[in-house]
Structure formats: structure tokens, C-alpha cells
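A short write-up of the structure that comes next.
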Amino acid sequence: MERQWWHNKVAYQIYPKSFYDSNGDGIGDIPGIMERLDYLKYLGVDILWLSPVYQSPLADQGYDISDYYKIDPCFGTMRDMEALIKEAKKRQMYILMDLVVNHCSDEHLWFKKAMADPEGEYGNFFYLADQKAGRPCNWRSYFGGSVWEPLPGTDKQYLHMFHKKQPDLNWENPKVRQEIYKMINWWLEKGVAGFRLDAIINIKKALPMKDYPADRPDGLADAGVMLAHAEDIGEFLREMKEETFQKHDAFTVGEVFNDKPEELAAFIGEDGYFSSMFDFRETVMGTSPKGWYDSRPVTGEEYKQACFESQEQSGDLGFYSNIIENHDEPRGVSHYLPEGQVCEASKKMLAGLYFMLRGIPFIYQGQEIGMENVDFQSIDEVDDISSRAEYQVALDAGVSEEKAMDAVRRYSRDNARTPMQWNGNCHAGFTVGTPWLRENPNYRRINVEEQRDRRDSVFQFYRSLIALRKNPEYEDSLIYGKCIPYLREQKNLMAYFRRGENKTLLVMGNFQEIPQKVKLPGVCEKVLINNMDWVDDGTDREMGLKGWQYVVLEMRMQDGL
Ligand code: GLC
Ligand code: CA
């Protein structure tokens, strides 16, 4: 496979609003990111994905953009953004912007013009329909309710797959596509290294629109059903790539939920539409079509099998981007580790297991210090629109308030959106003002200052994982090598080889509290990483792992293996 500049990189997602506040207004900002670049450099990450900082009414925290060419004043200025790009470059770091082009904000000029003159040029920038004919289809928006909303001051209605303040752009209109490509190129010329492509799979609708069988008492159908019927998205994606990313050798990572195995090569193969896309197989496990209140916890076994299925699917045809959390998910350690078992050892094990898979590892801010879910007491403490909608879905289904809050505690996106925990001082050192969202009270225990120089901290463990991935000696195995499951049926053991031309590494995690023994397929030459001080010096043929122990071994394999 042809080598690309991003293959051996490690990425880090910044949620700017909650990262670091430089001016005391309670909102994280771009100068704040700049102040923390050296911290990120010390951690060892290269690619920095910024969740949206464009001008926005922030109805969905910036995923509702009212001007793609402006920085929202709460985050800083265009000058700040340019300075950030420059400072990042100085440190051999790359900035990714979030590309939100399935929809814009209802406060975008295009939408205002569409409202003023629905029959005019900008009416066709959106999906509009006459009100009097009723709803054109019964699709449910991702944030609840119908995707159709009256277009204020007109006899029309418009489509929104997400919140009603996020009208969908009509990609079938070539003028829309040209406007988008122009904007992408403008940012690439400014020096950003690429984009994370938000909700990108939604840009192609199944047309003509029609109803699908209702799947809840509201008479609506899950949007995913429509997506499964949409065809030929590839035409848009290829055009976008050729008109923009390709010319700049940009790195792109797609947010794709409904990936179809037979299409993977077209998406992330050598000549794919994107450089990479997120592997969400683990994150959707346990979810229920009824809503969060009906979802169930994920076991270690399920987690392992999901990871392996994705690895098998991609094989060496391309690179997934691997995560345990992001700004739309609860904290990975709270989600994947059993309740009552979340400790530094198990956090490190989980980190190590996903980190050595084939693909690009993404770290979400705070993950590197093991930040955990929040113990929200009431829905009033929650800001996120989707959490509030899910809370209502639960109540509507007859679930008690306490149970509905349980679901929010387990799945709320705000679990990941509380301020970054820099130190044990007031507001976790995030701001000298009042944070826009209350910090997780556990910041006194879990924070950067406490971990940075502690040899056995979660933070230092992440540093060692990154360092190993970057060690040129292991590039052949850890970056380009095959990922081959080992002892897949052994319960609560997640083990796999990363096999290159010259070296074979064995990655193993004991996904349980009690110890277990593992047969070795060859001789361990070197322990490259260990999340404990102890290593079993048993025999050449067998190794004992303590509860939550994680190791990476360099192996001398027996012939034929
Ligand atoms: C993506 C984003 C999410 C946002 C949605 C709508 O899923 O990650 O935060 O709400 O798209 O833009
Ligand atoms: Ca600020």
C-alpha cells in the first residue's frame, strides 16, 4: 500500500468549548488551545481535530454553522485561528477542522434568503415542500420528532435530519456543492491539514422521499432506514475529494455509521473517498431502537468481538480511525469497563487494547487522564439537546424519572463535554470564571497536574503507547502489519498479533478482575509495554496475567506460526 503522511500519526480531538478558557468568560477558546499546544506535543499526538469553531448560534454546540468563513467570537478571531495553524506547524502538528456540510444553521444567510424567497435561487439550497400536501415522508430526526418543520413566514416546510435549527443542504443542487468545495479549498489554502467529515453519510437522501414502516408510537421511522435505501453517495464523495482534498494531500476522516462491508474499499481503500473513517461498531453495540432507556451495557467479550470484526473487515485495504469515545459518546472507561471496576489499571488496559489495533488512534480530550462519566443529579444539569430529547423519549415510554436519569447518566453526550481537568484547583483549572457546563466533581482526584509527572499515571501510560507506535523499529508491524486475533474464544482475554515482515508483536489484555493464564505461541523476547510493575516469569509456553493486566510482547514465533 502506498505510504501516506498520516499513516503513522496519532490524532487528538479537541472540544474547544471545554478545553481551556484563556479569558475567563467560562468558554474554552482558540488562544486557550494555543496555550496548551506544548502539553499536547509532550503527550506525543500529531493531528488535532477541532470540533467546530465557526460562527454559530450554538444550538448544537457549533454543529449549526451560520458562517463557514468566520470564527465564532466566543472562540476567538480568524487571527487566532491563523496563529494556531502556524504554531501547530512549528511543532509538526496538523490541524483538522470539522466539516459540517450536511446542514447549516437556520441563521445562515442561505437559509434567510430561502425564507425570504422560497421559489428563488436559495430555496433550492434546501429541501423545501408545500405545507398543504402534508409531510413528504415520516422520517424521524436524530434528535427526535419529524424531520419536517414549517418554514417561517411561508407556506413551505423544510427538512432537517438533526435539530430544527440545522436545515439540511440540498446536495442534489450543483450550486450547493460548488459553494461547499469553494469553502473547503479556502480553509485548505489557509493551511489546515484536513477535515473530520461530520454526518457525511446523510448528504445523500433516498429520493423520491417516501414513508417507511413506523417503528415507534410516534408513527415515524428511524432515519437510518432511509439511509439504507439511499444510493450513489459515491458520486458526491468522489467529486468532493477531487475538487478539494486530493489537490492538497489532505487527511480526511468520515463520520459514517451505516458502513456496508462491500463499500469499504470505495470509502477508505487506496483511492477511497476518505483517508479514513471511524470504526463505530463498538459504540453502537447495546443500543436499542427504542432509545437510550432501553439500551444495555456492553461486555468485554462483545467489545473484543466487535473490534475484531472491524479489523477483519478492513484487513489491510485501508485504515479505520479507532476511538473509545468522542464528544457524542459517554466516557469510554465508564462505558466499556464494568461498573465498580473503573481503576487506573483497567483504564490503561482499555487504552492499550484499542491503541494497537490497525488504524489511526484518536484520543478524545481528557481521555489521556482517564476522565469518567458525570453523576448528573437532574436533567437541569444537562445542556445537550440530544440528551434532553432522549430523557423525554424515556418519560413518554412510561419510564420513571429516576430510570430516565439513569439512561442520561450512562449515555449523555455531556459526559464528555464537561471542562478538561487541568488541576485540582477551582473549576479544575479550566477557567477563572464560571464554566459554561459544570466540571465533573472528581477533578480533585483526576487531573493533568497530578498525573503529568507521576510515572505510573494513565497519562504517562498513553505517552508510552504513543511512543511505541512511533518507534520506527515497529512501524512495519504496528502501522502496516496485519492484525490477527489470538485465542479469540478464551473468555475475557483480548489478544491479537500485529505481524509485520520482520517482527511480530502480541498484544494482550485480561478483561476481568481475576487473573488468567494464557498459552504463548512462541517465545517472548521483550516486554514492550506493561500496565503493571509485575510480569509473570512462568514458562516460555505460558504467561499469567493479573486482573486488568495489559502487555505488548515482542515475540519469536515458532516455525509455521
Ligand atoms: C455529528 C456530530 C454531532 C452533531 C451532529 C449534527 O454526529 O458529531 O455532535 O450533533 O453530527 O451535526
Ligand atoms: Ca474564553
Side-chain angles (χ1 to χ4, degrees), residues 13-36 49-54 56-66 68 71-77 80 84 96-106 108 141-144 147 159-169 195-203 223-224 227 253-258 277-278 280 283-284 287 321 323 325-330 362 364 383-390 411-417 419-420 427 429-437:
Q13 181 189 354
I14 295 178
Y15 195 69
K17 199 170 179 187
S18 303
F19 191 59
Y20 185 63
D21 175 20
S22 72
N23 62 354
D25 65 357
I27 297 177
D29 44 51
I30 297 170
I33 299 173
M34 219 136 50
E35 278 186 48
R36 298 296 151 137
W49 153 30
L50 268 53
S51 275
V53 288
Y54 311 89
S56 163
L58 301 184
D60 185 22
Q61 299 301 0
Y63 285 92
D64 47 321
I65 297 170
S66 57
Y68 291 96
I71 297 293
D72 196 276
C74 80
F75 295 122
T77 63
D80 294 332
L84 175 65
L96 294 191
M97 294 285 272
D98 212 314
L99 189 69
V100 190
V101 289
N102 171 67
H103 45 267
C104 58
S105 160
D106 65 343
H108 194 287
S141 119
Y142 292 106
F143 296 155
V147 294
L159 176 106
H160 60 91
M161 298 301 292
F162 292 86
H163 192 258
K164 65 176 183 206
K165 283 187 70 65
Q166 296 169 300
D168 279 51
L169 287 163
F195 294 91
R196 174 262 187 182
L197 312 179
D198 180 75
I200 196 68
I201 211 70
N202 291 277
I203 64 174
L227 288 185
V253 49
E255 187 196 26
V256 177
F257 273 97
N258 64 337
M277 65 194 219
F278 290 108
F280 287 123
T283 52
V284 296
T287 54
S321 285
I323 59 165
E325 64 195 52
N326 64 26
H327 68 295
D328 291 330
E329 298 293 327
F362 272 65
Y364 176 72
D383 170 272
D384 169 40
I385 43 180
S386 89
S387 307
R388 287 170 164 262
E390 288 281 353
Y411 299 108
S412 175
R413 308 198 291 182
D414 276 356
N415 280 307
R417 297 179 180 188
M420 175 71 186
H427 301 312
F430 160 71
T431 179
V432 293
T434 308
W436 71 275
L437 185 66

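Remember, predicted model here, so these are calculated numbers, not experimental data. Whatever order the structure lists ligands and atoms in, that order sets their numbers, starting from 1.
Electrostatic pairing of Arg417 and Asp328 counts as a salt bridge here, judged by a charged N lying under 4.0 Å from a carboxylate O. A salt bridge does not link Asp64 to Lys165: none of the charged nitrogens lies less than 4.0 Å from a carboxylate oxygen.
Side chain to side chain, Asp29 and Ser22 meet the donor-acceptor criterion of an N or O pair below 3.5 Å. For the residue pair Ser51 / Gln13, a side-chain donor-acceptor distance below 3.5 Å is found, with atom types taken as modelled. Counting only N and O atoms by type, the side chains of Arg413 and Ser387 include no donor and acceptor under 3.5 Å apart. Donor-acceptor pairing under 3.5 Å is lacking for the side chains of Gln166 and Asp106.
For Asp25, the N/O/S atom at the shortest distance from the Ca ion (ligand 2) is named OD1. Within Asp21, the N, O or S atom at minimum distance from the Ca ion (ligand 2) carries the name OD1. No other N/O/S atom of Asp29 lies as close to the Ca ion (ligand 2) as OD2 does.
Atom 7 (O) of ligand 1 has as its closest protein heavy atom Glu255 OE2, 2.8 Å. Protein heavy atom nearest atom 9 (O) of ligand 1, with residue, atom name and distance: Asp328 OD1, 2.7 Å. For atom 5 (C) of ligand 1, the closest non-hydrogen atom on the protein side is Phe162 CE2, 3.6 Å. For atom 4 (C) of ligand 1, the nearest non-hydrogen atom of the protein is Asp60 OD2, 3.2 Å. Closest protein heavy atom to atom 11 (O) of ligand 1: Asp198 OD1, 2.8 Å.
Ligand 1 lies within reach of Arg417, whose nearest heavy atom is under 4.0 Å from it.
Between Asp168 and Asn102 the shortest side-chain heavy-atom distance falls below 4.5 Å. With a 4.5 Å cut-off on side-chain heavy atoms, Ile201 and Glu255 do not count as touching.
The only option from Phe362, Phe257, Tyr364 that meets the ring-ring contact (aromatic ring centres under 6.0 Å, His included) definition with Phe278 turns out to be Phe362.
Residue Gly32 does not count as close to the Ca ion (ligand 2), with no N, O or S atom under 3.0 Å. Look at Asn23 and the Ca ion (ligand 2): an N/O/S atom of the residue is under 3.0 Å from the metal.
The distance from ligand 1 to the heavy atoms of His327 drops below 4.0 Å at these ligand atoms: 2 (C), 3 (C), 8 (O), 9 (O). Applying the 4.0 Å criterion to heavy atoms of Arg413 picks out, from ligand 1, the atoms 3 (C), 4 (C), 9 (O), 10 (O). If you number the atoms of ligand 1 from 1 as listed, the ones under 4.0 Å from a heavy atom of Phe143 come out as 10 (O). The atoms of ligand 1 that sit less than 4.0 Å from any heavy atom of His103 are 6 (C), 12 (O).
Contacts of Gln61 with ligand 1, taken as heavy-atom pairs under 4.0 Å, are absent altogether. Only side-chain heavy atoms of Arg196 come within less than 4.0 Å of ligand 1; its backbone N, CA, C and O stay farther off.
Counting only distance, with no hydrogens or angles, the side chain of Asp414 and the backbone of Asp383 share a donor-acceptor pair below 3.5 Å.
Taking the centre of each ring, His163 and Tyr63 stay at or above the 6.0 Å mark.
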